[in-house]
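Below is one structure, written out as structure tokens; comments come after it.
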Amino acid sequence: MVVLSKPAIHKSKHCPTFFPGVPLIDLSKPDSKTQLVKACEDFGFFKVINHGVPIEFIKELESEAVKFFSLPMSDKEKAGPPDPFGYGDKKIGPNGDVGWVEYLLLTTNNQSGYQKFASIFGEAAENFAVKKMACEILEMLADGLKIQPRNVFSKLLMDEQSDSVFRLNHYPPCPDFQESNGRNLIGFGEHTDPQIISVLRSNNTSGLQISLKDGNWISIPPDQNSFFINVGDSLQVMTNGRFKSVRHRVVANSSKSRLSMIYFGGPPLSEKIAPLPSLMEGGDSLYKEFTWFEYKKSAYKSRLADNRLGVFEKIAAS
Ligand SMILES: C=C1C[C@]23C[C@@]1(O)CC[C@H]2[C@@]12CC[C@H](O)[C@@](C)(C(=O)O1)[C@H]2[C@@H]3C(=O)O
Ligand SMILES: O=C(O)CCC(=O)C(=O)O
Ligand SMILES: [Fe+2]
């Protein structure tokens with residue numbers, strides 16, 4: 001990777017330990033919808049097993065990604081810059097955020113100019129079958145919340161105009177960096193995902209951390225056979241704050257590289273993002289009305305760690 005500027009070194013008061021309490025949900029079990037709702041309320045994050053995505057597809061996609069990131073920089077740069085889609089190195093977003101990461105950002109609706117890469121990864125992403133799984137989870141959540149119709153969330157991802165993104169992140173090992181006294185080199189700085197739902201699969205290298213409601217950071221043990229699900233800002237709004245979009249980050253590893261693949265399921269640009277009427281206690285929305293286009297426009301003016309929903313919150317009357 002070309003060093004452009006120095007990624008942040010994060011000083012945490014406590015060295016994070018692996019947290020045993022992250023909800024593990026077996027999607028084949030009949031009671032999983034209740035557990036899904038609880039996980040979205042308590043953490044905005046959970047791990048799923050028996051997800052139905054063939055492991056061969058995941059492995060195939062992983063080996064394509066390894067091949068891509070092993071290419072000479074001059075070849076990788078042919079797929080860049082990453083605004084809005086393409087190859088990026090260290091710089092994340094347009095507003096000065098940096099991390100110890102290189103990545104490939106792709107649209108899932110094939111309007112990307114990077115056809116060569118879109119065709120390898122775009123098709124693989126479909127085969128990756130994550131969209132189907134994401135929709136199943138969203139339908140189980142609607143059932144768990146007792147909302148009709150059950151495709152109230154999933155139809156947004158199924159829409160032809162769905163503004164979804166597929167991302168491959170590669171965090172090379174950083175051998176010069178000695179982890180000590182709770183200091184971590186940031187691979188991907190803390191943030192929430194703006195979309196409805198994010199589906200993440202990584203290799204067996206650790207690094208992902210989530211923030212609990214009390215603000216403590218916990219490390220998520222990697223599991224290459226499972227998927228990790230994040231509630232995004234849009235789902236927080238649609239549930240009027242009942243589900244929490246999870247703050248998360250990735251810390252770099254001194255000896256092993258981490259490879260992650262994430263599907264960000266988003267709505268069509270014209271979609272109004274607002275609480276579902278049945279979830280508005282006392283009829284009040286916590287948020288001002290906005291479309292996904294307006295939210296994205298505002299998000300792209302923000303820094304990674306910003307609270308992007310803040311400007312759309314209604315100030316509680318005193
Ligand atoms: C700093 C930024 C990068 C980001 C767009 C943003 O302005 C704020 C949100 C960031 C994020 C986080 C989740 C996804 O990785 C991402 C693709 C997204 O939709 O929002 C990134 C954006 C990015 O890397 O371009
Ligand atoms: O790479 C990871 O494990 C997570 C990255 C992430 O949160 C993101 O790309 O939005
Ligand atoms: Fe994220």
| said: Any carboxylate oxygen within less than 4.0 angstrom of a Lys/Arg side-chain nitrogen, looking at Arg201 and Glu62? | reply: yes
| Asp306/Arg303 salt bridge by N-O under 4.0 Å criterion | no
| task | Answer with yes or no whether the side chains of His191 and Asp97 bring together a donor and an acceptor at under 3.5 Å. | result | no
| Which atom names give the shortest non-hydrogen contact between Ser164 and Gly265, and what distance separates them? | OG-CA, 3.5 Å
| field | Donor-acceptor pair, side chain of Arg308 and main chain of Ala299, under 3.5 angstrom | value | no
| task | Please report the shortest heavy-atom distance between Gln236 and Val231, naming the atom on each side. | result | N-CG1, 4.2 Å
| request: Spell out, as yes or no, whether a donor-acceptor pair under 3.5 Å connects the side chain of Ser298 to the backbone of Glu294. | output: no
| said: Any carboxylate oxygen within less than 4.0 angstrom of a Lys/Arg side-chain nitrogen, looking at Lys47 and Asp223? | reply: yes
| Nearest heavy-atom neighbours spanning His51 and Leu27 | CA-CD1, 4.0 Å
| task | Check whether NZ of the Lys or CZ of the Arg Arg167 lies under 6.0 Å from the centre of the six-membered ring of Tyr103 and within 45 degrees of that ring's axis. | result | yes
| task | Report yes or no: does Lys244 contribute a side-chain atom to a donor-acceptor pair with the main-chain N or O of Gly241 at less than 3.5 Å? | result | yes
| request: Go through the steps to decide whether Val165 and Leu105 satisfy the test side-chain contact (heavy atoms from CB on, under 4.5 Å), and finish with yes or no. | output: CA-CA 7 Å; Val165 175; Leu105 265 179; 3.5 Å; yes
| query | Roughly how far, to the nearest 0.5 Å, is CG of Leu212 from CZ of Arg247? | reply | 13.5 Å
| note | Minimal heavy-atom distance between Tyr263 and Ala134, with the atoms involved, is CE2-CB, 4.0 Å
| query | Quick one: which of Leu36, Asn230, Leu24, Val246 gives a side-chain contact (heavy atoms from CB on, under 4.5 Å) with Phe46? | reply | Leu36
| query | Do side-chain atoms of Ser162 reach the backbone of Met158 as a donor and acceptor pair under 3.5 angstrom? | reply | no
| said: Checking the side chain of Trp100 only, and the main-chain atoms of Pro172 only, is there a donor and an acceptor separated by less than 3.5 Å? | reply: yes
| message | Using only atom types and a distance under 3.5 Å, with no angle test, would you say the side chain of Thr291 pairs donor to acceptor with the backbone of Glu271? | response | no
| note | All heavy atoms of Lys91 vs all of Val98, minimum pair found to be CA-CG1, 4.2 Å
| query | If every non-hydrogen atom of Ser32 is compared with every non-hydrogen atom of Asp26, which pair is closest and at what distance? | reply | CB-O, 3.5 Å
| query | Ignoring hydrogens and geometry, is there a side-chain-to-backbone donor-acceptor pair from Asp233 to Tyr295 under 3.5 Å? | reply | no
| What pairs of residues pass the side chain to side chain donor-acceptor pair (under 3.5 Å) test when at least one of them lies in residues 134-148, not counting sequence neighbours? | Glu139-Arg150, Glu139-Ser154, Asp143-Arg150
| task | Output yes when a side-chain donor or acceptor of Asn307 lies under 3.5 Å from a complementary backbone atom of Leu309, and no otherwise. | result | yes
| Are the charged groups of Glu64 and Lys67 less than 4.0 angstrom apart, N to O? | yes
| said: To the nearest 0.5 Å, what is the distance between OG on Ser285 and CE on Met238? | reply: 12.0 Å
| query | So does Lys90 pair up with Glu102, basic N to acidic O under 4.0 Å? | reply | no
| In terms of ring plane angle, is the pair Phe290 and Phe312 parallel, tilted or perpendicular, where the classes change at 30° and 60°? | tilted
| task | Report yes or no: does Asp159 contribute a side-chain atom to a donor-acceptor pair with the main-chain N or O of Pro268 at less than 3.5 Å? | result | no
| Parallel, tilted or perpendicular for Phe228 and Phe45, by the 30°/60° rule? | parallel
| With the threshold set at 4.0 Å, does a side-chain nitrogen-carboxylate oxygen contact exist between Arg242 and Glu41? | yes
